[in-house]
Chemist: 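Take this structure, written in structure tokens, and hold onto it; I'll ask about it next.
Note that this is a predicted model, so its numbers are computed, not measured.
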Amino acid sequence: MKKATISPMLIALDQAKIAFDSEEVPVGAVIIESQTGKIISKAHNKVEQLKDPTAHAEILAIRSAAYQIANARLTDVELFVTLEPCAMCAHAISLARIKKLVFGAYDSKNGGVEHGARVFSNPACNHVPEIIGGVYETAASGILRKFFQQRRKNIQV
């Protein structure tokens, strides 16, 4: 009998909830080994906590995975993230040579994959992963919507 596994996107959503509870923009990321599905790293946004504008979930997960694998080239991994990566994160994904990118919510304002800079469409981009968007989109966009509604409510008070 095959053992049931939890979708990496559900784990990324759990990471987004941790970010939400930490008053960070709720984005979570998980990196798995392509062939086995083994989790290599997981992270959530820590921009406010670390006082670091580059501490996006994707960047933190990529750094951790590169450390775990002991290689800057992550050619046999898949990245699951709850929000379309920004241009910075998309470029880091390309530099890391990540095999596959799966994301949840689309980001028409700051996205860098299917919106905005469209990093992977640029001829100067050396590596383009397989890309799948809109996975668990309702859940991923819902937590973001709730976070920003609360932020606006707290600002108005």
Side-chain angles (χ1 to χ4, degrees), residues 7-20 22 24-35 37 39-69 71-149 151-152:
S7 163
M9 188 59 81
L10 291 176
I11 297 167
L13 284 163
D14 285 342
Q15 288 293 304
K17 291 172 189 163
I18 294 169
F20 183 99
S22 302
E24 295 277 358
V25 175
V27 176
V30 175
I31 293 180
I32 65 166
E33 197 172 71
S34 292
Q35 292 200 9
I39 295 173
I40 298 169
S41 67
K42 55 187 176 180
H44 58 275
N45 276 3
K46 292 186 178 180
V47 171
E48 301 303 325
Q49 178 187 339
L50 299 177
K51 309 293 187 247
D52 177 355
T54 68
H56 291 196
E58 302 95 317
I59 299 293
L60 297 175
I62 289 168
R63 286 178 185 161
S64 178
Y67 179 79
Q68 297 296 323
I69 294 173
N71 193 334
R73 302 289 180 256
L74 305 176
T75 56
D76 293 318
V77 306
E78 300 174 12
L79 170 62
F80 292 75
V81 61
T82 58
L83 180 64
E84 176 183 349
C86 69
M88 173 185 70
C89 293
H91 195 70
I93 290 163
S94 177
L95 291 172
R97 309 290 195 268
I98 289 175
K99 182 177 186 174
K100 183 177 186 179
L101 166 64
V102 180
F103 66 88
Y106 292 86
D107 187 349
S108 61
K109 184 177 177 186
N110 294 306
V113 176
E114 296 196 16
H115 296 89
R118 297 178 191 252
V119 170
F120 301 122
S121 299
N122 187 313
C125 183
N126 291 325
H127 171 77
V128 179
E130 177 185 349
I131 301 167
I132 301 171
V135 177
Y136 285 92
E137 180 180 6
T138 302
S141 60
I143 192 170
L144 286 159
R145 190 175 308 108
K146 181 178 176 185
F147 177 80
F148 287 111
Q149 284 173 346
R151 295 278 296 227
R152 284 190 294 274

Chemist: Using distance alone, with no hydrogens and no angle criterion, decide if E24 and H44 have a side-chain donor and acceptor under 3.5 Å apart.
Modeler: no

Chemist: Would the distance check show the side chain of N45 and the main-chain N or O of V47 forming a donor-acceptor pair, the cut-off being under 3.5 Å?
Modeler: no

Chemist: Sequence neighbours excluded, which residues qualify as ring pair (Phe, Tyr, Trp, His ring centres under 6.0 Å) partners of F120?
Modeler: none

Chemist: Which atom pair, heavy atoms only, marks the closest approach of P26 to A19?
Modeler: CA-CB, 3.8 Å

Chemist: Any side-chain heavy atom of E78 within less than 4.5 Å of one from P8?
Modeler: no

Chemist: Grab the two heavy atoms, one from V119 and one from C125, that are nearest each other, plus how far apart they are.
Modeler: O-CB, 3.5 Å

Chemist: Between CD1 of I59 and NZ of K46, what distance do you get to the nearest 0.5 Å?
Modeler: 14.5 Å

Chemist: Between atom CD of E137 and atom CZ of F103, what is the distance when rounded to the nearest 0.5 Å?
Modeler: 8.5 Å

Chemist: Is a side-chain donor or acceptor of R97 paired with a backbone partner of L95 at a separation under 3.5 angstrom?
Modeler: yes

Chemist: On a heavy-atom basis, which atom in V27 and which in E58 lie closest, and how many Å separate them?
Modeler: CG1-OE1, 4.4 Å

Chemist: Where the side chain of S34 meets the backbone of D76, is there a donor-acceptor pair that is under 3.5 Å apart?
Modeler: yes

Chemist: So how far is it from L13 CG to F80 CZ, rounded to the nearest 0.5 Å?
Modeler: 11.5 Å

Chemist: Keeping Q68 on the side-chain end and I40 on the backbone end, is there a donor-acceptor pair under 3.5 Å?
Modeler: no

Chemist: Determine yes or no for a side-chain-to-main-chain donor-acceptor pair under 3.5 angstrom, with E84 supplying the side chain and D107 the backbone.
Modeler: yes

Chemist: Mind checking the CD1-NZ spacing from I31 to K99? Nearest 0.5 Å is all I need.
Modeler: 14.5 Å

Chemist: Does atom NE2 of H91 have more than 12 heavy-atom neighbours from other groups under 6.0 Å away?
Modeler: no

Chemist: Set out, in order, the CA-CA distance, both residues' side-chain angles and the distance that settles side chain to side chain contact (heavy atoms under 4.5 Å, CB included) for V25 and F148, then state yes or no.
Modeler: CA-CA 8 Å; V25 175; F148 287 111; 4.0 Å; yes

Chemist: Once rounded to the nearest 0.5 Å, what's the spacing between atom NZ of K100 and atom CD1 of I131?
Modeler: 12.0 Å

Chemist: For a 4.5 angstrom cut-off between non-hydrogen side-chain atoms, does R63 reach Y67?
Modeler: no

Chemist: Please name the pair of heavy atoms, one in N126 and one in S94, separated by the smallest distance, quoted to 0.1 Å.
Modeler: N-OG, 4.1 Å

Chemist: Which atoms form the tightest heavy-atom contact between V81 and P85, and what is the distance?
Modeler: CG1-CG, 4.0 Å

Chemist: Please examine the side chains of I62 and I98, heavy atoms only from C-beta on, and report whether any two atoms are closer than 4.5 Å.
Modeler: yes

Chemist: Work out which heavy atom in Y106 is nearest to a heavy atom in L83; give both atom names and the distance.
Modeler: O-CD1, 4.1 Å

Chemist: Can you tell me how far CD1 of I11 sits from CD1 of I39, rounded to the nearest 0.5 angstrom?
Modeler: 3.5 Å

